[in-house]
Amino acid sequence: MNYLHHFDSSQVVEACVAGAGDFGRGLLRQALQMPGLSARIAVDVTANGAAQALRSCGIAEDQIMVCHTSEEALIAWQKGLFIASGSLDDVVDLPFDILVESTGIPEVGALHSETAILAGKHVGIATKETESVVGPWLTRLAQQHGRIFTPLDGDQPALLIGLISWAQTLGFEIIAAGKSSEYDFIWHQDQQSIVCNGQVYPAPGMAALWDLPEDDQRTTALARGHHLADIPQISAPDLCEMTNVANATGLLPDRPEFHALVLRNHEVPTLLDSEARGGVLAGHARLEVFNCLRRPDELSFAGGVFVILRCVDADDWQLLRGKGHVLSRSGQSAMVYLPRHLLGLEAPISLLDAVLKQLPSGGGQHTQPHVDLVARATTDLTAGQPLEMRGHHRHIQGLQPEVHPSAPLVGDAAVPFYLLPGAEVLRSVRAGQLITLADVALPDSHLKRLRHAQDELFHGTVAPVSA
């Protein structure tokens, strides 16, 4: 689609970018190339860190003003300068249209999103961790104030929600929908190894598992996963993103931990079909993640998104197979996919949609708390043990995330995964157990307060006085 035909480029959308990581910097750089988008405000942990992000995008030093107060920010805005701030509070009253929340910190994402909405701003959320806990509530809060709270194109959830909406609008029967994992499994036959995310893993028996046999393809696909067990096959970000897609679309995972098969691209519609048709799915309209297996000279799925559709009219789909579309071996299902997600470089489309068209990415604002991302202990936990979120993938040592039906945060409910950073274990928890509200003392956080508000809105439960 040529968006120049749909947006008035004379109307400039003003954005504030909170979070100077890869996503935020990509958006700042892209805004410099777009006539219809301005992103002159950067917020990070420190004002100097925000200034460094602006410099890394090629903005001249004399065009950047480091601001530590709202008065300084207003002066910089009036001068037409780029503003580097260490606090959203110092810039939230400036006349920008939309906040891009890309800090990746669950608590900060909740505080920033609510603050911006109450100040009359739209919010584009790239902090999936916050959205997995309180996305439905923030969506409703924005609606109450005539604003949009939306995921952003460039991240897989928004792209997948849009693809699902496209398929549903056209009346297709959706068997499954999902994404490929972030990093491909690249098979180097001459070295008998798999390279994934820059790491080399010996795989001497992989050649025997490269092709799926006609008679028992499920066994071979599952054997690949066991053979490559040393390679992480699903991550907290994968499950977090699928939680957000489930809440936006109503599609559910086939099982809490997902199948996360290791598949070549053309195998996806064959394996992500029902068990009765040779696939692995026990249910219908399921969310899934797969790991893209390929040779170095084959095309990557590039962390893209897909839907698996039922092929109702055999003649139509055989015609499409002849044009290169990916069908299952049986010809009864087909994969339609977008082999890309461009992070902040693609997000501006969502900003224009939200501000100029009052539309969220994916085309809907019906987010409901269908599921929660919760935590299962992988090791024994002891009373007094702190739980800390670490690393680029926002994992918590000793815990693995799973997707379960949503429940209010009362009694012995399982605790949402991203409410746990900063919590303290109250009693011994054995490996294999879900972490419940009785097991931990949660920090008195803004995120928890918003979660209780969400539970009251959707479940009618009121938070205990002690909470």
Side-chain angles (χ1 to χ4, degrees), residues 12-70 72-113 115-116 119 121-130 151-155 237 341-352 354-355 389-394:
V12 177
V13 170
E14 297 283 357
C16 169
V17 179
D22 293 341
F23 194 100
R25 288 195 303 272
L27 193 150
L28 289 167
R29 283 192 293 269
Q30 197 65 21
L32 294 173
Q33 305 177 52
M34 296 178 59
L37 178 66
S38 170
R40 288 199 288 129
I41 309 171
V43 178
D44 205 43
V45 177
T46 67
N48 287 331
Q52 180 53 41
L54 293 170
R55 293 186 201 103
S56 73
C57 297
I59 299 166
E61 187 72 38
D62 63 0
Q63 293 298 305
I64 300 170
M65 183 169 171
V66 176
C67 300
H68 299 287
T69 67
S70 57
E72 290 176 345
L74 179 58
I75 291 169
W77 179 269
Q78 292 171 340
K79 289 183 176 180
L81 298 174
F82 286 83
I83 299 165
S85 175
S87 171
L88 180 63
D89 288 340
D90 290 341
V91 300
V92 73
D93 290 327
L94 296 177
F96 65 87
D97 301 298
I98 186 165
L99 172 73
V100 176
E101 213 312 308
S102 60
T103 63
I105 304 171
E107 170 71 359
V108 175
L111 181 59
H112 280 177
S113 296
T115 298
K121 316 296 186 183
H122 303 286
V123 174
I125 186 80
T127 302
K128 54 186 171 288
E129 298 84 358
T130 296
L152 295 169
D153 283 5
D155 266 358
H341 71 294
L342 302 181
L343 301 174
L345 302 182
E346 197 173 356
I349 291 297
S350 297
L351 308 189
L352 299 178
V355 176
M389 184 176 71
R390 298 177 179 175
H392 174 69
H393 284 152
R394 305 290 192 265

Minimum side-chain heavy-atom gap [X]-[Y] below 4.5 Å:
X	Y	result
Ser113	Ile125	yes
Trp77	Val91	no
Ser85	Ile41	no
Lys128	Pro237	yes
Asp93	Ser70	no

What pair of heavy atoms forms the shortest contact from [X] to [Y], and how long is it?
X	Y	answer
Met34	Leu352	CE-CD1, 4.1 Å
Leu28	Ala39	CD2-O, 3.6 Å
Arg25	Ala53	CG-CB, 4.2 Å
Ile83	Ala73	CD1-O, 3.6 Å
Ala347	Leu152	CB-CB, 4.2 Å
Leu32	Phe82	CD2-CZ, 3.9 Å

First locate atom [atom1] of [X], then atom [atom2] of [Y], and finally report the distance between them rounded to the nearest 0.5 Å.
X	Y	atom1	atom2	answer
Leu81	Glu72	CG	CD	12.0 Å
Glu14	Leu351	CD	CG	11.5 Å
Leu54	Ile64	CG	CD1	5.0 Å
Asn48	His68	CG	NE2	6.0 Å
Ser87	Asp89	OG	CG	4.0 Å

Under 3.5 Å donor-acceptor pairs involving side-chain atoms of residues 98-110, not counting sequence neighbours:
{"unit_1": "Glu101", "atom_1": "OE1", "unit_2": "Thr103", "atom_2": "N", "d": "3.3"}
{"unit_1": "Glu101", "atom_1": "OE1", "unit_2": "Thr103", "atom_2": "OG1", "d": "3.1"}
{"unit_1": "Glu101", "atom_1": "OE1", "unit_2": "Thr127", "atom_2": "OG1", "d": "2.4"}
{"unit_1": "Glu101", "atom_1": "OE2", "unit_2": "Thr103", "atom_2": "OG1", "d": "3.1"}
{"unit_1": "Glu101", "atom_1": "OE2", "unit_2": "His112", "atom_2": "ND1", "d": "2.9"}
{"unit_1": "Ser102", "atom_1": "OG", "unit_2": "Ala18", "atom_2": "O", "d": "3.0"}
{"unit_1": "Ser102", "atom_1": "OG", "unit_2": "Gly19", "atom_2": "O", "d": "3.1"}
{"unit_1": "Thr103", "atom_1": "OG1", "unit_2": "Ile105", "atom_2": "N", "d": "3.3"}
{"unit_1": "Glu107", "atom_1": "OE1", "unit_2": "His446", "atom_2": "N", "d": "3.2"}
{"unit_1": "Glu107", "atom_1": "OE1", "unit_2": "Leu447", "atom_2": "N", "d": "2.8"}
{"unit_1": "Glu107", "atom_1": "OE2", "unit_2": "His446", "atom_2": "N", "d": "2.8"}

Using the side-chain contact (heavy atoms from CB on, under 4.5 Å) rule, take Leu343 and Asp155 through it: C-alpha gap first, then chi angles, then the decisive distance, then the call. CA-CA 6 Å; Leu343 301 174; Asp155 266 358; 3.9 Å; yes

Okay, side chain of Asp97, backbone of Val355: is any donor-acceptor separation there less than 3.5 Å?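 The answer is no, because no donor-acceptor pair under 3.5 Å joins these two groups.
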
